[in-house]
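Working notes, structure below.
If you're wondering where the values come from, they're calculated on a predicted model, not measured in any experiment. Just so it is clear: chains get the letters A, B, ... in the order the sequence lines come, proteins before strands, and each one is counted from 1.
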There are 2 protein chains.
Amino acid sequence: MGPTSEILTAERILEATEEVLRRHGPAKATVVDVARALGVSHGSVYRHFRTKAALREAVTKRWLDRTSGELSGIAAGNGDPETRLRDWLAALFAAKRRKAGGDPELFATYTVLTDENGAAVGEHIADLTSQLTRIIQAGVETGDFAAADPRATARAVFQATGRFHDPCYAREWEEPGAEADFTAVVDLLVRGLRP
Amino acid sequence: MGPTSEILTAERILEATEEVLRRHGPAKATVVDVARALGVSHGSVYRHFRTKAALREAVTKRWLDRTSGELSGIAAGNGDPETRLRDWLAALFAAKRRKAGGDPELFATYTVLTDENGAAVGEHIADLTSQLTRIIQAGVETGDFAAADPRATARAVFQATGRFHDPCYAREWEEPGAEADFTAVVDLLVRGLRP
DNA sequence: CGAATGACAGATATTGAAATCTGTCAGCTG
DNA sequence: CAGCTGACAGATTTCAATATCTGTCATTCG
């Protein structure tokens, strides 16, 4: 039996939707396309997702969650906090840069999706900030960092490094000085964190 | 005699263009509109600006230069460098926020113009960064700051505060925590600058 | 003679009619 | 009868005809 005869699940619909988005781009990907890719009528898709927007939001969340997952390992590590912070920020930058540079069209597609789904992005950022908070908290406990309010400080570190993870700067990630700029900002922030 | 009978200068064309952009927005503002506003034929406008793009670039430069000018006074001051740095960054944030919040449509217009004119924006950023460099250089001389390469450090400070001056974050400048976020980032950076 | 004009060709934008899509739901099917 | 279908109304998008704009230049005007 081909996959077409499998039971129709939300999961299969999400996979098909990602494929349709990859093929047609965010502007032309329709629910009818997704249904066609699955060999079902578009009415069936609406049984699992109330609206097209909800479907796209679910795809967005999946994608963002995959990114968070890649980083949580570093945040949970137990090396010295300064190294962990540097590694975490470098991994975030590297992951974003790899995605933007490796498949620009797909990255553009997800940029459109994230722009549509401010709420999902907000949760993702809250997730990343909480990973950062854990690292900084650990640093405060070992005495490597000084931070009256680790949560607020994590937020500041995240915002100050926006240029190296926010999609609106993707264009500049491939420019010659990008790596040096990243190091300069991180060095300055790490110095600011020390007691 | 009305202004219509004055000699046609680049300056008068630029003023009329700003007015037309303000009235019609960046998408609908045409060279014909500018000529009509001045009571001349559009051919006359082309005597002063080779293309529509050149005209829009000139308007963009004027606008950016006005912003740089507002800040250069602070950079040239002679109070203690840390205060000067904080004041300069606060003034930059305040100016941007005032422009974005005060007349959102006009701000959106200029956002479109700056997106069109990457070169002009590059010069503007170079100008601002050089003002910052002067402040940091001064701090190094008085011993308030430690910076091996003041130019690179200024660049890092500028980039790290992007969230508070880059138009792509304009939406968030009016949110409740914005001021606190700004202070947290600046505090962290200033700590990082101290010897 | 230098500055301004307006007709013009090619490029771009607007418009409205036709095609497609979204979301619903009564009925079909296994 | 649970899950799927496909016809449908209203919203949105596409497309091609039409109108407007950009940039040039031979000509006019003072």
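Relative to the six-membered ring of B:Trp63, B:Lys99 meets both conditions, a distance below 6.0 Å and an angle of at most 45° to the axis.
Between A:Phe49 atom CZ and C:dT22 atom C1' there is a gap of 16 Å when expressed in whole angstrom units. The distance from atom CZ of B:Arg36 to atom C1' of C:dG6 is 14 Å, rounded to the nearest whole Å. The CG atom of A:Leu55 sits 10 Å away from the P atom of C:dG23 (whole-angstrom rounding). In this entry the distance linking CG of B:Leu38 with P of C:dT5 reads 10 Å, nearest Å. If you measure from atom CD1 of B:Ile13 to atom P of C:dA4, you get 9 Å, rounded to the nearest angstrom. Distance B:Lys52 NZ to D:dG23 P: 8 Å, rounded to the nearest Å.
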Distance-only criterion, 3.5 Å: show the donor-acceptor pairs between side-chain atoms of residues 87-95 of chain B and protein atoms not counting sequence neighbours.
unit_1  : atom_1 : unit_2   : atom_2 : d
B:Trp88 : NE1    : B:Gln131 : OE1    : 2.9

Considering only distance and modelled atom types, tabulate donor-acceptor pairs under 3.5 Å from the side chains of residues 41-48 of chain A, sequence neighbours left out.
unit_1  : atom_1 : unit_2  : atom_2 : d
A:Ser41 : OG     : A:Gly43 : N      : 3.4
A:His48 : NE2    : A:Leu8  : O      : 3.3

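Between the side chains of B:His124 and B:Ser68, at least one donor N or O sits under 3.5 Å from an acceptor N or O.
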Detail all sub-3.5 Å separations between protein N/O atoms and N/O atoms belonging to nucleotides 10-12 of chain C.
none

Identify each atom pair where a protein N or O and an N or O of nucleotides 1-7 of chain D are less than 3.5 Å apart, giving names and distance.
unit_1 : atom_1 : unit_2  : atom_2 : d
D:dC4  : N4     : A:Arg47 : NH2    : 3.4
D:dT5  : OP2    : A:Ser41 : N      : 2.9
D:dT5  : OP2    : A:Ser41 : OG     : 3.3
D:dT5  : OP2    : A:Ser44 : OG     : 2.7

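Remark: the backbone N or O of B:Ile7 is paired with a side-chain donor or acceptor of B:Arg12 at under 3.5 angstrom.
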Do B:Glu18 and B:Tyr110 pass the side-chain contact (heavy atoms from CB on, under 4.5 Å) test, and can you show the C-alpha distance, the side-chain angles, and the key distance before you say yes or no? CA-CA 10 Å; B:Glu18 282 193 359; B:Tyr110 277 108; 3.7 Å; yes
For the pair B:Glu179 and B:Arg97, evaluate salt bridge (charged side-chain N to carboxylate O under 4.0 Å, His left out) and give the outcome as yes or no after the intermediate values. CA-CA 11 Å; B:Glu179 198 67 44; B:Arg97 198 155 61 157; 2.5 Å; yes
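Remark: A:Glu105 CD is loosely packed, at most 12 non-hydrogen atoms of other residues, nucleotides or ligands lying under 6.0 Å away.
For the side-chain contact (heavy atoms from CB on, under 4.5 Å) criterion with B:Val185, the lone passing option out of B:Asp187, B:Asp181, B:Leu189 is B:Leu189. Considering B:Asp144, B:Leu193, B:Val140, B:Val190 as possible partners of B:Pro81, the one that fulfils the side-chain contact (heavy atoms from CB on, under 4.5 Å) test is B:Asp144.
For A:Phe49, there are no ring-ring contact (aromatic ring centres under 6.0 Å, His included) partners two or more places apart in sequence or in a different chain.
Applying a 4.0 Å cut-off to non-hydrogen atoms, the residues of residues 21-35 of chain B that approach DNA chain D are B:Thr30, B:Val31, B:Val32, listed by residue number.
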